[in-house]
Amino acid sequence: MQTKRMTFTNNRWLPYLLLAPQVTITLIFFVWPASQALWQSMLRQDPFGLRTTFVWFRNFERLFADPHYLVSMKTTLIFSVSTTLLAMSVSLLFAVMVNRMIRSRDAYTTFLVWPYAVAPAVAGVLWWFIFNPSVGILPYMLRGIGIEWNHRLESSHAMILVVIAAAWKQISYNFLFFLAGLQSIPQSLIEAAAIDGASRSKRFWTIVFPLLSPTTFFLMVVNIVYAMFDTFGVIHATTAGGPAQATNILVYKVYRDGFIGNNLGSSAAQSVVLMGIVIVLTVVQFRWIERRVNY
Amino acid sequence: MVENDRWGIFLAHLILIVGVAIVVFPVYVALIASTHAPGTFLQGVMPLLPGSHAIENYSTVIFEGRSNAGAPPIGLMLWNSFVMAMMIAVGKIAISLLSAFAIVYFRFRFRIFFFWIIFITLMLPVEVRIVPTYQVVANLGMLNSYWGLSIPLIASATATFLFRQFFMTVPEEMLEAARVDGAGPLKFFKDILLPLSVTNIAAMFVIMFIYGWNQYLWPLLVTNDEAYYTVVMGIQRMVTGADSEPLWHLVMATVVLAALPPILVILFMQRLFVKGLTETEK
């Protein structure tokens, strides 16, 4: 890692002083809690909180033998894959369309970027209201085609609701990156293909889409991370994991087991599993960035 | 454009207009719902045209709140959100500028080690280590305070990286000239580096303000005193706090108020926002 060719010298303490605030906060609020989570994941408290015993990896063994946890993993998988697919395909469509515009490009962009500003919890409440079985608009329309919408009882309805709310908020982010990616594709390639007689859809699938793949891959990782970790608000403010655990994703389960169930050992073990997932995803992302540099 | 096909353009406009309509729809519904009287929602499906109770509803939520349902006046919660978002944005930018300056312009022992410590924070979101972080904040006596709300979220590597990248692009001659003129490191930082970074600081500010404003889980954990509730978490109290069906007209008025400030920030600073968003991810 490089510095400037010329640096300040004769300041023995100044660089440490400059770094102190950042490093202190990192140590107190990141490194220490993360190590605590590791430690606690190997402890078990008796039901009255009187005695704590060191149990090695038994919390993890229990966790992976717990059907609730496995169901929650599956739920998380379904939730994040659907959210990612929905958010990315819709925003790619928008980006491709906006990229064809010349004069109206900025106007459309303005209309499409602001959902980024809406908090996940607020997005959840908005869609929860629209889908509300008694006063919402969509259930009213769905009734017209014979679907009785009730996300309080129907697991699949609840899942659809949280996926839509989570994906809606993420559209603007993906849209901006896809648009930037599309604009960096040389127009000459597309023109050459057009001269050779490739149709519009053929040009898209054989030239534009492959050239866009670095952006797509990057967004895929970002979206999965978003769906797995940042959507706590969507779940908590609307379905609260229900009905019957149908939307109980891993992040929500950590919170529920730790703060409401007071099962610290299990919650810490779940935290450690999540940290592992985040680290794997980050490594994947950075390896990809390195690869792009060599392109 | 390669070829001039009018139908294609027409179709694209059509798709975009429908798309924009779908994207805007939820907020439109919230705006409409916040202007109706409570009775409207008892009669079945909600209307799609504005009602006449806007002023009444908004003044109720801003000044009175619903103390019986555990929701203080929104005015106070908006203020708390604002304080929290400002502290997070300003704090992050300040400590990141300092540490990026140290990493780029000095050579010292353990430089790489410190760089990695900061880098680690990029990886672990609050959500994955909530219980131990909560315990630390509780032990420090920072529950129910603005410090507890903001300081644990201030450490993040994103801003440090952005500023580091930017400092690397500042020409070497700047530093040489400053040193020839006898400027020390702090003077160089204050009079040369800071003025050059204004655009980057502003872009970072937009992103971080929105990040701070939209925090949900953290305020939920560290506050149980109504005086420190933030508006985004306050909505949840209004929805689930009462046993009966939520008072939709008031909930939606709150939703609009909670979503408005960050949306305005994005709309008015769109260029800075796009810059901040796309450059932090490089």
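On a predicted model such as this, the values are computed, not experimentally measured, just so you know. In the text below, chain A, chain B and the rest are named by the order of the sequence lines, each starting its count at 1.
With a threshold of 4.5 angstrom between heavy atoms, A/Ala180 does not approach chain B through any atom at all. With a 4.5 angstrom heavy-atom cutoff, A/Ser267 touches chain B only via side-chain atoms. If you measure heavy-atom distances from B/Ile151 to chain A, the contacts under 4.5 Å come from both the backbone and the side chain. Interface residue B/Phe273: only side-chain heavy atoms are found under 4.5 Å from chain A. Both the backbone and the side chain of B/Ile263 come within less than 4.5 Å of a heavy atom in chain A. With a 4.5 angstrom heavy-atom cutoff, A/Ile277 does not touch chain B via any of its atoms. Interface residue B/Met252: only side-chain heavy atoms are found under 4.5 Å from chain A. Interface remark: A/Trp114 contributes backbone and side-chain atoms alike to the contact with chain B (heavy atom separation under 4.5 Å). Heavy atoms closer than 4.5 Å to chain A are found in both the backbone and the side chain of B/Leu98. If you measure heavy-atom distances from A/Ile28 to chain B, the contacts under 4.5 Å come from both the backbone and the side chain. For A/Tyr16, the part lying near chain B is the side chain, with the backbone staying farther off; criterion is any non-hydrogen pair under 4.5 Å. With a threshold of 4.5 angstrom between heavy atoms, B/Tyr211 does not approach chain A through any atom at all. Residue B/Leu220 touches chain A through its side chain alone, counting heavy-atom pairs closer than 4.5 Å.
Taken from CD1 in A/Ile25 to NZ in B/Lys92, the straight-line distance is 10.0 Å, to the nearest 0.5 Å. In this structure, A/Phe94 CZ and B/Ile22 CD1 are separated by 6.5 Å, a value rounded to the nearest 0.5 Å. Expressed to the nearest 0.5 Å, how far CG of B/Asn214 lies from CG of A/Asp230 amounts to 10.5 Å.
Across B/Pro26 and A/Ile130, no two heavy atoms sit closer than the pair CA-CD1, 3.5 Å.
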